[in-house]
Amino acid sequence: MKLENANLFLVKMVLKHPFRTSFGVTKEREILLVKLEYEGRSGWGECVAEHGPWYSGETISSCKFIISEYIIPWMKEEGLEHPSDYQRLVSNIKGNQMAKACVEDAVWDLYGKLNNVSLKNMINGSKETIPSGISLGIQKNIDILLEKIKTAVEQNYQRIKIKIEPGWDVEIIKQIRDVFPDILLMVDANSAYRYKDKDIFLNLDKYNLMMIEQPLQYYDILDHAKLQKDISTPICLDESIKSVDDARVAIESDACRIINVKPARVGGITETLKIHKLAEKLKTPLWCGGMLETGIGRAKNVAVASLSTFSLPNDISESARYYTDYIVEPIFKLNNDGTIDVPRNSHGIGVKINIEKIEELASEKISL
Ligand code: OSB
Ligand code: MG
């Protein structure tokens with residue numbers, strides 16, 4: 001298939017509740033969507049980059065630039081036999097994983113639609129439902145957080161993740177454990193600490209946490225390995241892992257024992273499949289992270305989480321947790337057992353795009 005048409009949409013979605021992490025507060029999400037067209041069919045991808053470079057170095061503007069200046073023109077020149085050929089097409093572009101990933105997602109979706117096959121089946125996903133967890137941001141006070149945990153536990157989310165930062169860590173976890181001694185609980189620091197803060201992690205080590213996600217700087221594999229020697233709670237890396245090579249180095253140096261794979265952060269589905277193979281070989285448990293995606297990115301994440309190595313609860317909560325507007329149908333709902341169904345009888349990412357809604361929410365539309 002050789003690309004005939006491409007469109008970018010910039011939509012704004014307001015979160016039901018502000019989401020606060022150690023690097024900032026998100027109240028609304030500006031989202032770049034990519035639509036690719038070939039032979040009357042279209043494929044969609046969602047870019048997870050944020051307005052500013054706070055989670056990673058990429059931004060909506062940098063992604064727009066890389067996609068419109070290079071990726072789309074190259075795709076109009078050269079056809080692809082299969083989505084797995086896409087990596088070669090963009091191999092000259094260093095970094096810019098999120099920009100590359102959202103176009104790759106649209107290629108997989110388009111290929112699935114042209115060939116009547118679901119993304120789950122294209123990548124050999126082996127699960128019909130995926131375990132769902134919830135990520136709770138930093139709150140104004142502990143009572144609000146405890147109430148949010150109570151609600152999530154009643155909804156049967158399979159594990160609770162708490163965002164931490166200096167001043168909102170050990171004492172908060174102690175109080176959560178006083179009320180909820182047995183829930184599957186983990187924390188995510190989004191790089192808010194340095195190795196010199198090791199005592200905080202020695203304290204957190206007492207609270208039977210499933211894992212500690214990204215405690216230190218994203219480039220700092222050495223200090224993560226030192227910290228992992230000091231504590232028995234597994235370290236899970238998020239921001240540090242941008243490729244299968246990063247994953248191999250981190251696992252081999254014991255800088256982490258679990259990886260949060262965000263397909264967009266590692267450059268796409270093909271790179272994710274390489275990490276899946278590596279994790280299978282090295283027996284490293286994976287789970288799929290989230291970036292407050294709309295239904296387009298969420299559908300892709302759900303399919304990826306159906307891979308056998310994605311054995312731990314994912315940051316894929318039900319659609320209604322995030323936004324009041326929906327741009328796909330059906331929306332993702334939480335089953336009573338805290339799982340989410342993987343679309344399998346539909347084609348591509350398995351959701352129908354509500355183009356009227358996208359046009360309504362779009363502040364910008366670019367035809368390439
Ligand atoms: O670090 O996992 C993270 C959201 C935005 C940016 C970074 C992260 C997150 C989350 C939310 O934790 C996960 C979700 O989409 O539910
Ligand atoms: Mg994280």
Side-chain angles (χ1 to χ4, degrees), residues 13 15-31 46-60 97-98 101 130-139 145 148-149 152 155 157-165 168-169 185-193 209-218 224 234-242 246 250 256 258-266 286-302 304-305 310 312-323 331-332 334 338 340:
M13 303 268 285
L15 280 164
K16 282 187 177 172
H17 308 281
F19 189 75
R20 181 160 161 226
T21 66
S22 61
F23 62 80
V25 189
T26 308
K27 292 186 176 140
E28 53 183 26
R29 198 79 166 74
E30 261 183 290
I31 298 153
E46 170 175 345
C47 180
V48 303
E50 294 163 292
H51 190 87
W54 321 133
Y55 167 82
S56 84
E58 293 187 79
T59 66
I60 291 176
Q97 287 84 352
M98 292 173 177
I130 56 123
S132 177
I134 191 166
S135 170
L136 297 175
I138 296 165
Q139 308 295 326
L145 180 60
K148 289 201 183 259
I149 296 171
Q155 286 174 292
Y157 277 109
Q158 292 195 13
R159 69 98 173 99
I160 311 285
K161 163 167 140 182
I162 306 295
K163 292 286 188 180
I164 57 167
E165 66 179 3
W168 183 269
D169 44 40
L185 185 66
M186 61 173 286
V187 295
D188 183 2
N190 289 107
S191 301
Y193 301 87
L209 299 174
M210 278 182 93
M211 68 193 90
I212 297 174
E213 182 177 340
Q214 198 67 45
L216 313 178
Q217 302 302 295
Y218 74 91
H224 278 108
I235 290 178
C236 166
L237 290 177
D238 172 354
E239 285 90 328
S240 293
I241 309 298
K242 295 184 168 200
D246 287 348
C256 72
I258 298 172
I259 295 176
N260 161 349
V261 179
K262 291 177 181 167
R265 193 198 60 231
V266 302
L286 307 177
W287 53 278
C288 182
M291 292 289 291
L292 311 172
E293 285 91 344
T294 74
I296 295 175
R298 190 167 316 284
K300 185 270 312 283
N301 285 348
V302 166
V304 163
F310 286 65
L312 299 173
N314 305 282
D315 268 354
I316 304 176
S317 306
E318 67 174 350
S319 306
R321 153 170 164 67
Y322 301 92
Y323 304 100
I331 62 169
F332 291 94
L334 195 66
I340 288 176

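Atoms within a ligand are numbered from 1 in the order they appear, just like the ligands themselves.
- Under the 6.0 Å distance and 45° angle rule, Lys242 counts as a cation-pi partner of Tyr218.
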Between Trp168 and Arg20, is the side-chain contact (heavy atoms from CB on, under 4.5 Å) condition met? List the steps. CA-CA 12 Å; Trp168 183 269; Arg20 181 160 161 226; over 6 Å; no
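- Within a 6.0 Å radius of NZ in Lys16, other residues, nucleotides and ligands contribute more than 12 heavy atoms.
- Checked by atom type and distance alone, the side chain of Thr21 pairs as donor or acceptor with a backbone atom of Phe23 at under 3.5 Å.
- Protein residues having a heavy atom under 4.0 Å from any atom of ligand 1 are Phe19, Phe23, Tyr55, Ser135, Lys161, Lys163, Asp188, Asn190, Glu213, Asp238, Lys262, Gly290, Met291, Leu292, Asp315, Tyr322, listed by chain and number.
- Of the possible donor and acceptor atoms, one in the side chain of Arg298 sits under 3.5 Å from a partner among the backbone N and O of Glu293.
- Between the CH2 atom of Trp287 and the CE atom of Met211 there is a distance of 6.0 Å, given to the nearest 0.5 Å.
- With waters left out, the protein N, O or S atoms under 2.8 Å from the Mg ion (ligand 2) add up to 3.
- Glu46 places a side-chain N or O within donor-acceptor distance of the main-chain N or O of Gly297, the cut-off being under 3.5 Å.
- Asp238 and Tyr55 share a side-chain donor-acceptor pair at under 3.5 Å.
- Just one of Glu213, Glu239, Gln214 meets the side-chain hydrogen bond (donor to acceptor under 3.5 Å, both in side chains) condition when paired with Asn260; it is Glu213.
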